[in-house]
There are 2 protein chains.
Amino acid sequence: MKYSNATNYALHTMVYLIWLPKSSTIGVQELAEIQKLSPTYLSKILTKLTKAGLIESTPGAKGGYKISKSPNEISFLDVIIAIEGESNLFNCSIHHNEGCLIEEVMRQSEENMKAELKNRLLVDIVKKMEEQKQQKANSN
Amino acid sequence: MKYSNATNYALHTMVYLIWLPKSSTIGVQELAEIQKLSPTYLSKILTKLTKAGLIESTPGAKGGYKISKSPNEISFLDVIIAIEGESNLFNCSIHHNEGCLIEEVMRQSEENMKAELKNRLLVDIVKKMEEQKQQKANSN
DNA sequence: TAATTAAAGACAATAAGAGTCTGTAATGTC
DNA sequence: GACATTACAGACTCTTATTGTCTTTAATTA
Ligand code: SF4
Ligand code: SF4
């Protein structure tokens, strides 16, 4: 059981997009260069993020991607659900019992993870990165 | 990202083994019958549980499996790690940064899930199942 | 109109999971 | 000791999901 690589790429891309000046857009080829991966593959990931409403895309010349909603509303969980989907981690399709005790534990533990992911905003990562950069600059 | 079916089978098997009278052993063919799956496949899962030290196996006639340590020491997390391994859910092999902020969030959220899984004991599931059975019997 | 860019979908390659089969080693029974 | 029983190991196949590429289409700007 692992997160897909796509989730990793998506998180990095989202952090980068939030870090960008709000009005500017950026194309997939440039984003792919930064992360050193194929533009066509990244394109699929970006399409998922677009459909989830996390970013906006404009086709055509001078088009590209940018953050859609306010960065204060975008959590880690939003990105992960956009990529991984929202089905449960534990598969109970075998013989579903009402109020099964095993399922309850698995579901609860998953909720604990998701609660943390929902609390953490991507924009806080960007802010902290800026702070680190600032401190480094000051210490010179 | 999903738990493997093997984890589901392992949890059910462990609950059953804990529910059994402590001294008795049970063979893989019988366990497989209960869960309606192939004995050879279940055997692989049981071997993993054995190597993790959760159950004991004795080969030969009248052999089989039984719980090894005290049920009070067996958590959901123990079973899950025995099957899924203990590597992290989030894959940072791409370009590992020291003290990366993204990784920290992913790691922390995973810890939250595992903390819950570590707190929950399989034996409590068995106890609650017995209670439910008791209540049902009383209401008749 | 022409250039640019995202989106869609078909397709191939890879990896992981699920499951089967066969043979071997250990243990108890006679 | 011979035999039946059982766990264990490993090779093997099948299926599924992920990863990634390629081609075509649609929208937008200049
Ligand atoms: S955990 Fe419970 S609900 Fe899920 S497959 Fe097992 S018995 Fe059914
Ligand atoms: S999350 Fe951080 S450590 Fe992990 S791959 Fe990205 S930059 Fe590297």
Side-chain angles (χ1 to χ4, degrees), chain A residues 1-10 12-13 17 24-33 35-68 80 82-85 87-91 93-94, chain B residues 1-13 17 23-33 35-68 80 82-85 87-91 93-94:
Chain A
M1 180 173 67
K2 285 199 160 304
Y3 285 104
S4 68
N5 291 345
T7 296
N8 191 317
Y9 298 141
H12 280 89
T13 306
L17 288 178
S24 67
T25 71
I26 181 173
V28 67
Q29 53 278 59
E30 200 171 341
L31 286 168
E33 238 172 67
Q35 298 190 59
K36 294 178 185 26
L37 69 124
S38 122
T40 45
Y41 182 43
L42 182 58
S43 170
K44 284 184 156 185
I45 297 170
L46 291 170
T47 301
K48 276 191 178 180
L49 294 173
T50 304
K51 286 188 174 169
L54 300 177
I55 59 181
E56 266 176 28
S57 70
T58 53
K62 297 292 282 177
Y65 296 93
K66 66 177 180 186
I67 293 293
S68 65
I80 289 168
I83 304 299
E84 303 276 346
S87 67
N88 286 15
L89 295 186
F90 186 67
N91 188 2
S93 60
I94 306 176
Chain B
M1 181 170 68
K2 285 201 160 305
Y3 284 104
S4 68
N5 291 347
T7 296
N8 191 318
Y9 299 140
L11 285 170
H12 281 88
T13 307
L17 288 178
S23 56
S24 67
T25 69
I26 181 173
V28 67
Q29 51 278 59
E30 201 171 342
L31 286 169
E33 237 171 70
Q35 298 190 58
K36 295 177 184 25
L37 69 125
S38 122
T40 44
Y41 181 44
L42 181 57
S43 170
K44 285 184 153 182
I45 296 171
L46 291 169
T47 302
K48 277 191 177 180
L49 294 174
T50 304
K51 286 190 174 167
L54 299 178
I55 59 181
E56 266 175 26
S57 69
T58 54
K62 297 290 283 177
Y65 296 94
K66 65 176 180 186
I67 293 294
S68 66
I80 289 168
I83 304 298
E84 303 276 347
S87 68
N88 286 15
L89 296 186
F90 187 66
N91 187 2
S93 60
I94 307 176

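A quick note: this is a predicted structure, and the numbers were derived from the prediction, not measured. These numbers come from the heavy atoms of this one structure, side chains and all, not from hydrogens, waters or symmetry mates. To find a chain, count down the sequence lines: A is the first, B the second, and so on, and within it residues start at 1.
- Evaluation of the side-chain hydrogen bond (donor to acceptor under 3.5 Å, both in side chains) rule for B/S23 yields no partner, not counting sequence neighbours.
- Note on B/Q29: a side-chain N or O is less than 4.0 Å away from OP1 or OP2 of D/dA7.
- Not counting sequence neighbours, A/S24 has no partner by the side-chain hydrogen bond (donor to acceptor under 3.5 Å, both in side chains) test.
- Rounding to whole angstrom units, NZ of residue A/K51 and C1' of C/dA7 are separated by 8 Å.
- At the heavy-atom level, A/K48 lies nowhere under 4.0 Å from the strands shown.
- The interatomic distance linking A/L49 (CG) with C/dA6 (P) rounds to 13 Å, in whole Å.
- Checking the phosphate oxygens (OP1, OP2) of D/dA7, no side-chain nitrogen or oxygen of B/S43 falls inside 4.0 Å.
- Residue-level contact check: B/K2 touches neither bases nor backbone, having no heavy atom under 4.0 Å from any strand.
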Grab the N/O contacts between the protein and nucleotides 19-21 of chain D below 3.5 Å, and write none if there aren't any.
residue: D/dT19; atom: OP1; partner: A/N5; partner atom: N; Å: 2.5
residue: D/dG20; atom: O6; partner: A/K44; partner atom: NZ; Å: 3.0
residue: D/dT21; atom: OP2; partner: A/S38; partner atom: OG; Å: 2.5
residue: D/dT21; atom: O4; partner: A/K44; partner atom: NZ; Å: 3.4

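- In this structure, CG in B/L42 is found 5.0 Å from OG1 in B/T13, a value given to the nearest 0.5 Å.
- Under a 3.5 Å cut-off, the side chain of B/K2 and the backbone N or O of A/N88 do form a donor-acceptor pair.
- When all heavy atoms of A/Y65 and A/L17 are compared, the pair lying nearest together is O-CD2, 4.3 Å.
- Remark: P of C/dA7 and CG of A/L42 are 11 Å apart, rounded to the nearest angstrom.
- Contact detail for A/E84 and A/T7: the closest heavy-atom pair is OE2-OG1, 2.6 Å.
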Could you go through nucleotides 26-29 of chain D and list every protein N or O atom that sits under 3.5 Å from one of its N or O atoms, giving the distance for each pair?
residue: D/dT28; atom: O2; partner: A/A61; partner atom: N; Å: 3.1

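- Place A/Y65 and B/E84 on DNA chain C by their nearest nucleotides, and A/Y65 ends up nearer the 5' end.
- Legend: residues meeting side-chain hydrogen bond (donor to acceptor under 3.5 Å, both in side chains) with B/T25, ordered by chain and number and at least two apart, are absent.
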Donor-acceptor pairs under 3.5 Å, side chain of residues 46-55 of chain A to any protein atom, not counting sequence neighbours: which ones?
residue: A/T47; atom: OG1; partner: A/S43; partner atom: O; Å: 2.9
residue: A/K48; atom: NZ; partner: A/I83; partner atom: O; Å: 3.4
residue: A/T50; atom: OG1; partner: A/L46; partner atom: O; Å: 2.8

